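Below is one structure, written out as structure tokens; the observations come after it.
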Amino acid sequence: MVLDNLGSSLRGSLDKLRGKSRLDEEDVQEIVKEIQRSLLSADVDVSLVMQLSDSIKDRALNEEPPGGTSARDHVLKIVYEELVGLIGDSTDIPLQPQTIMLAGLQGSGKTTTSAKMAWWFSKKGLRPAVIQTDTFRPGAYDQAKQMCERAEVEFYGDPDCDDPVQIARDGLEATKNADVHIVDTAGRHALEDDLIDEIEEIESVVQPDLNLLVLDAAIGQGAKDQAHQFDESIGIGGVVITKLDGTAKGGGALTAVNETDSSIAFLGMGETVQDIERFEPNGFISRLLGMGDLKQLSERVERAMAETQAEDEDWDPEDIMKGNFTLKDMQKQMEAMNKMGPLDQVLDMIPGLGGGLKDQLPDDAMDVTKDRMFAFEVIMDSMTEEELENPRKVGASRVKRIAQGSGRDEETVQELLEQHRMMEKTLKQFQGMGDGDMQRMMKKMQKQGGGGMGGMGGMGPF
């Protein structure tokens with residue numbers, strides 16, 4: 001996730017305060033210095049770093065912590081509130097007819113973002129259309145068309161026309177029945193005058209309700225000048241941060257938000273059209289500090305389950321809580337998990353399982369887990385319908401046959417069966433729970449920083 005190193009550094013510094021009931025100036029100074037180092041190494045602008053660290057220092061030294069609150073929790077609350085204040089609110093994106101224009105340098109991810117945003121709007125019940133006006137970059141038209149086909153949204157472009165302004169004009173007419181128009185513009189390797197002139201002309205034709213600046217999370221200190229020039233030219237109402245699945249530092253994007261006096265609209269990660277999420281500052285900073293983000297997690301779970309059910313109408317996820325939990329149910333759950341995005345992102349959303357716990361895992365831990373899930377999927381594909389419905393019938397001879405058929409060893413087949421038994425046992429603990437019971441359990445998880453997951457040991461191998 002963006003600023004992952006920052007989150008790790010902050011958590012490490014805060015952990016030094018464990019066991020302390022009071023803070024002294026030396027403690028606060030050490031925390032503030034660590035915050036400064038972390039933010040500067042993440043490419044956040046120096047003036048912003050000083051503003052943030054001074055505010056944290058002042059509050060930590062002068063505010064009295066509530067009764068019964070540890071020094072660590074008091075500072076954690078201050079850091080959380082100040083980081084949320086630095087990032088600001090999420091860009092207002094009303095679910096109504098509108099035109100959005102994307103701006104940014106070449107390679108920032110505008111074309112991919114246009115299709116992802118269109119997919120997002122389509123899932124909200126609106127009819128979006130992408131208008132591709134980039135005549136500068138070879139392959140832009142084909143890339144945009146292919147991604148829009150994957151997103152199953154309307155697309156307009158004209159590979160035979162070299163006038164982007166005319167394409168924009170024709171595109172609005174051709175897609176006039178769409179609710180949301182997303183106009184993708186050309187980028188350059190640098191902020192050249194012809195790029196600015198072109199985008200100003202397109203803006204005059206499409207008259208967008210909102211201009212979004214698309215920034216690669218690795219932009220670094222160059223974000224300040226880029227954001228300033230685009231803002232002066234067309235006015236930037238929000239920022240989209242892309243490529244968060246890499247090792248990008250991300251601080252430049254925060255600088256751009258401050259420079260344009262705007263906010264963050266979307267976060268993009270991964271290559272598929274589904275790899276986008278609406279930016280929510282509270283959840284974003286909560287994940288950064290290892291506190292989880294249950295709202296975003298529940299949205300991903302709901303979407304993934306709905307998509308999995310749509311592919312197999314005979315399967316109803318609610319049946320899992322009513323009767324027997326079969327291997328077929330487990331298979332469908334794994335399909336849904338794959339639709340939720342990279343596992344490390346999902347873990348970040350679970351209180352106590354992201355952040356600090358992830359810091360202790362080997363670098364390849366997530367890869368090992370993905371390999372295990374893939375192996376389980378291959379094994380289940382080698383099972384008969386009877387075995388998937390009644391896994392207890394799978395004895396030694398069947399294990400041997402399944403292992404041979406799937407190309408996996410017998411030990412891995414046994415691991416799958418054991419994993420199923422543990423998940424079945426865990427789900428039985430939830431059967432019969434009312435909504436009130438579930439809500440109390442979730443609140444307990446949040447208060448315990450995820451400690452409540454201890455009762456779900458059946459999920460351990462994942």
Side-chain angles (χ1 to χ4, degrees), residues 99-189 195 198-199 202 206 208 212-218 240-246 265-278 300 303-304 306-308 310-311 335 338-342 345:
T99 299
I100 299 173
M101 187 171 75
L102 304 185
L105 298 186
Q106 186 168 318
S108 61
K110 291 189 307 302
T111 299
T112 302
T113 297
S114 65
K116 288 181 176 183
M117 284 177 53
W119 175 86
W120 183 85
F121 276 112
S122 73
K123 293 302 177 183
K124 298 298 180 182
L126 295 171
R127 181 180 173 182
V130 172
I131 301 172
Q132 173 56 254
T133 70
D134 187 352
T135 61
F136 180 79
R137 180 171 64 89
Y141 170 85
D142 290 333
Q143 180 192 2
K145 183 179 180 182
Q146 289 170 11
M147 290 209 68
C148 286
E149 286 173 354
R150 290 179 206 153
E152 299 180 337
V153 297
E154 190 174 358
F155 169 76
Y156 180 85
D158 186 349
D160 298 321
C161 180
D162 59 4
D163 182 356
V165 179
Q166 187 60 44
I167 294 174
R169 186 179 290 111
D170 294 342
L172 288 176
E173 177 62 27
T175 61
K176 60 184 178 183
N177 292 326
D179 299 314
V180 180
H181 292 92
I182 301 171
V183 182
D184 181 25
T185 62
R188 300 288 192 274
H189 291 299
L195 167 60
E198 179 179 295
I199 203 169
I202 294 173
V206 303
L212 294 180
L213 177 61
V214 181
L215 289 174
D216 185 327
V240 180
I241 308 177
T242 64
K243 306 178 186 180
L244 296 181
D245 48 327
F266 290 96
L267 303 177
M269 69 292 286
E271 297 296 323
T272 71
V273 291
Q274 295 91 351
D275 292 329
I276 187 171
E277 67 180 56
R278 194 74 170 82
R300 287 207 188 191
R303 187 186 79 205
E307 290 177 0
T308 302
E311 293 169 3
E335 288 177 16
N338 286 332
K339 290 180 171 67
M340 288 172 64
Q345 291 177 18

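Here the structure is a predicted model, which means the values were calculated and not measured. Heavy atoms only: backbone and side chains are in, while hydrogens, waters and symmetry mates are out. Residue indices begin at 1 and follow the sequence shown.
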For a quick test of reading the model, state the closest non-hydrogen atom pair linking [X] to [Y] and the distance between them.
{"X": "Ala118", "Y": "Val130", "value": "CB-CG2, 3.8 Å"}
{"X": "Leu195", "Y": "Ala186", "value": "CD1-O, 3.1 Å"}
{"X": "Thr113", "Y": "Leu102", "value": "CG2-CD1, 4.2 Å"}
{"X": "Ala168", "Y": "Ile131", "value": "CA-CG2, 4.3 Å"}
{"X": "Val273", "Y": "Ala115", "value": "CG1-CB, 4.3 Å"}
{"X": "Ala178", "Y": "Glu154", "value": "CB-OE1, 4.1 Å"}

Worksheet item: Can you list every pair that meets salt bridge (charged side-chain N to carboxylate O under 4.0 Å, His left out) and has a residue in residues 172-186, with sequence neighbours left out?
Response: Glu173-Lys176
Find the distance between [atom1] ([X]) and [atom2] ([Y]) and round it off to the nearest 0.5 Å.
{"X": "Phe136", "Y": "Glu198", "atom1": "CZ", "atom2": "CD", "result": "9.0 Å"}
{"X": "Ile241", "Y": "Asp216", "atom1": "CD1", "atom2": "CG", "result": "10.5 Å"}
{"X": "Arg150", "Y": "Thr272", "atom1": "CZ", "atom2": "OG1", "result": "9.0 Å"}
{"X": "Ile276", "Y": "Trp119", "atom1": "CD1", "atom2": "CH2", "result": "8.5 Å"}

Under 3.5 Å donor-acceptor, [X] side chain and [Y] backbone:
{"X": "Thr242", "Y": "Gly268", "result": "no"}
{"X": "His181", "Y": "Pro128", "result": "no"}
{"X": "Arg278", "Y": "Ala265", "result": "yes"}
{"X": "Ser108", "Y": "Gly104", "result": "no"}
{"X": "Asp142", "Y": "Gly139", "result": "no"}
{"X": "Lys116", "Y": "Gln274", "result": "no"}

Discussion item. Run Ile100 and Phe121 through side-chain contact (heavy atoms from CB on, under 4.5 Å) and show every step you take.
Written reply: CA-CA 12 Å; Ile100 299 173; Phe121 276 112; 3.9 Å; yes
Response to the item:
Between Ser114 and the options Leu212, Val153, Ile182, the side chain to side chain contact (heavy atoms under 4.5 Å, CB included) test singles out Ile182
[X] vs [Y] side-chain heavy atoms within contact, under 4.5 Å:
{"X": "Thr135", "Y": "Cys161", "answer": "no"}
{"X": "Arg137", "Y": "Gln143", "answer": "yes"}
{"X": "Thr133", "Y": "Val183", "answer": "yes"}

Discussion item. As a quick check of understanding, evaluate side-chain contact (heavy atoms from CB on, under 4.5 Å) for Phe266 and Met117, giving each step before the final call.
Written reply: CA-CA 8 Å; Phe266 290 96; Met117 284 177 53; 4.0 Å; yes
Item to complete: Step by step, work out the side-chain contact (heavy atoms from CB on, under 4.5 Å) result for Met101 and Thr185.
Response: CA-CA 7 Å; Met101 187 171 75; Thr185 62; 3.8 Å; yes
Discussion item. Apply side-chain contact (heavy atoms from CB on, under 4.5 Å) to residues Asp158 and Gln166 and explain how you reach the verdict.
Written reply: CA-CA 10 Å; Asp158 186 349; Gln166 187 60 44; over 6 Å; no
Discussion item. With a 6.0 Å cut-off on the ring centroids, do Tyr141 and Phe155 count as close?
Written reply: yes
